[in-house]
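Structure first, commentary second.
All residue numbers refer to positions in the sequence shown, counting from 1.
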Amino acid sequence: MSVVLTRSRVSNALRCYASYALSRLGLVRISHAPMFVSVEPANICQLRCPACPVGMRHLDISTSRDLERFMSLDIWHRTLSEIRKTAFVVQFYFQGEPLLNKDLPLMIREAHEAGLYTIVSTNAQALTENLATQLVNAGLDRIIISMDGLTEQSYNAYRVGGSLDKTQAALSYLKNSKSRDHEITKSPIIELQVLRLKTNEHEWSDFKRVYKSLGADQLTFKTAQLYDYQNGHPLMPSNPRYSRYIQGTDGHYHRRPLSKGCFRVWSGVVITTTGDVLPCCYDKAHDYAYGNIMNSSLRDLFCSDKANIFRRAAMQQTPQICQECYK
């Protein structure tokens, strides 16, 4: 782990945990800065995944808010200047495909040089051999590769428009790029992520058997967020244990109940391509934005009355996005 522990980061973390503990007693008072930030390098994607707002075109990317398809270096540098002393982690993903931003290797390098832990999550369709080398050389700590099938049929059931061959090639490029002078670097950790779906459930045991031979260091299974699930969904796994939804006595499916309280809105934010500061990754439509980082400091937005009003509501899961959450 490349994150550098400093007095200011540790002090900020202690204030964050103390603030969250007090919030459990009903006192919402923020004086710390975000411990992590998710930035959105791009808000577009090549694929048409059926349970993704970008793939489903639930977001109108023709609106003025979304005219900026890629995060500019101006917004990135403003973000980095605000988080470099207090944050631990930068996640380079939100809704779109981050590798489509040509400046991503530079952004990762600058975050790495600032002592921050860096993560990218990608469908890997744009991950060439040259780009893999750039990411490794930039100091990337972790890369999450989404691959939801071991055959083209099972893969394309969800990753519509993607290529399994490209994903497997990307894994190979990353593994080879980690080899330098006959030594294998520890970073980035290559994590293969698989959504648990009806269409690939027959391959789950095979994934466990082959993920290392594909070039991954780790394997992670993740339940899928689905839309129009009330009457069931063709992607819903057969075993309800691996689904976010359970069937009620009325025959309809409902979200599994969650415990109240959310540490994520105390510890971090999302910053979009346009600089909007969002409470978390479930705010897909920017409905609860605290403001814009180009107009106000991140700390002011993070500690604002608007942010605290949202946190109080989040403790009770009253915002719609909290009802969609599965953290």
With a 3.5 Å distance limit and no angle check, can you tell me whether N12 reaches the backbone of A33 through a side-chain donor-acceptor pair? yes
Using only heavy-atom distances, determine whether the side chains of H233 and D228 contain a donor-acceptor pair under 3.5 Å. no
Any luck finding a side-chain donor-acceptor pair between T220 and Q193 under 3.5 Å? no
Just checking, is any N or O donor in the side chain of R142 or Q218 under 3.5 Å from an acceptor N or O on the other one? yes
Mark yes or no for whether S243, through its side chain, and P240, through its backbone, hold a donor-acceptor pair below 3.5 Å. no
Of R159, K166, Q46, the one forming a side-chain hydrogen bond (donor to acceptor under 3.5 Å, both in side chains) with N123 is Q46
With a 3.5 Å distance limit and no angle check, can you tell me whether N176 reaches the backbone of S172 through a side-chain donor-acceptor pair? yes
For T118 and A111 the tightest heavy-atom approach is CG2-CB, 3.6 Å
Under 3.5 Å, is there a donor-acceptor pair linking the side chains of T86 and S8? no
Report yes if the distance between the aromatic ring centroids of F310 and Y288 is under 6.0 Å, otherwise no. yes
With a 3.5 Å cut-off and no angle check, do the side chains of Y229 and R244 form a donor-acceptor pair? no
Between V120 and V270, is there shared hydrophobic-cluster membership here, with clusters defined by ILVMFWY side-chain heavy atoms closer than 4.5 Å? no
Has S23 got a side-chain atom pairing as donor or acceptor with G26's backbone, closer than 3.5 angstrom? no
Minimum heavy-atom separation for G139 to I108, with atom names? C-CG2, 4.4 Å
Can you see whether R15 engages S11 through a side-chain donor-acceptor pair at a distance of less than 3.5 angstrom? yes
Consider only side-chain N and O atoms of H254 and Q230, and report whether a donor and an acceptor are under 3.5 Å apart. no
Could you verify whether a donor N or O on one side chain and an acceptor N or O on the other, from S238 and K198, lie under 3.5 Å apart? yes
How close do A51 and L226 get, counting heavy atoms only, and between which atoms? CB-CD2, 4.2 Å
Worked check of side chain to side chain contact (heavy atoms under 4.5 Å, CB included) between L278 and Y290: CA-CA 6 Å; L278 311 180; Y290 299 156; over 6 Å; no
Sorted by chain and number, sequence neighbours left out, side-chain hydrogen bond (donor to acceptor under 3.5 Å, both in side chains) with E152 holds for N156
Hey, is the main chain of R84 close enough, under 3.5 Å, to the side chain of R9 for a donor-acceptor pair? yes
Go through the steps for T167 and Q125 under the test side chain to side chain contact (heavy atoms under 4.5 Å, CB included), then give the verdict. CA-CA 6 Å; T167 309; Q125 299 303 289; 3.0 Å; yes
Less than 3.5 Å apart, any donor N or O on the side chain of N200 or S154 sitting next to an acceptor on the other? no
T223 and R196: side-chain donor and acceptor closer than 3.5 Å? no
Minimum heavy-atom separation for N308 and C303, please, with both atom names. ND2-O, 3.7 Å
If we only count heavy atoms from C-beta on, is the C280 to I321 side-chain gap below 4.5 Å? yes
Enclosure of E201 CD (heavy-atom neighbours >12, cutoff 6.0 Å): yes
Main-chain N/O of Y93 paired to E40 side chain as donor or acceptor, under 3.5 Å: no
Do D217 and K178 pass the salt bridge (charged side-chain N to carboxylate O under 4.0 Å, His left out) test, and can you show the C-alpha distance, the side-chain angles, and the key distance before you say yes or no? CA-CA 12 Å; D217 302 306; K178 289 173 63 173; 2.9 Å; yes
Intermediate values then yes/no, side chain to side chain contact (heavy atoms under 4.5 Å, CB included), V90 and W76: CA-CA 11 Å; V90 181; W76 162 244; 4.2 Å; yes
Smallest separation among heavy atoms of Y155 and D148, with atom names: CD1-N, 4.0 Å
Classify the angle between the aromatic ring planes of Y17 and F263 as parallel (below 30°), tilted (30 to 60°) or perpendicular (above 60°). parallel
Thinking salt bridges, do D305 and R312 make one under a 4.0 Å N-O criterion? no
Residues L47, V160; criterion side chain to side chain contact (heavy atoms under 4.5 Å, CB included); working and verdict: CA-CA 6 Å; L47 305 188; V160 178; over 6 Å; no
Taking all non-hydrogen atoms of both residues, which atom of L235 and which atom of A157 are closest, and how far apart? CD2-O, 4.3 Å
Does L99 offer a backbone N or O that forms a donor-acceptor pair with the side chain of E97 under 3.5 Å? yes
Taking the six-membered ring for Trp, is the centroid-to-centroid distance between F302 and W266 below 6.0 Å? no
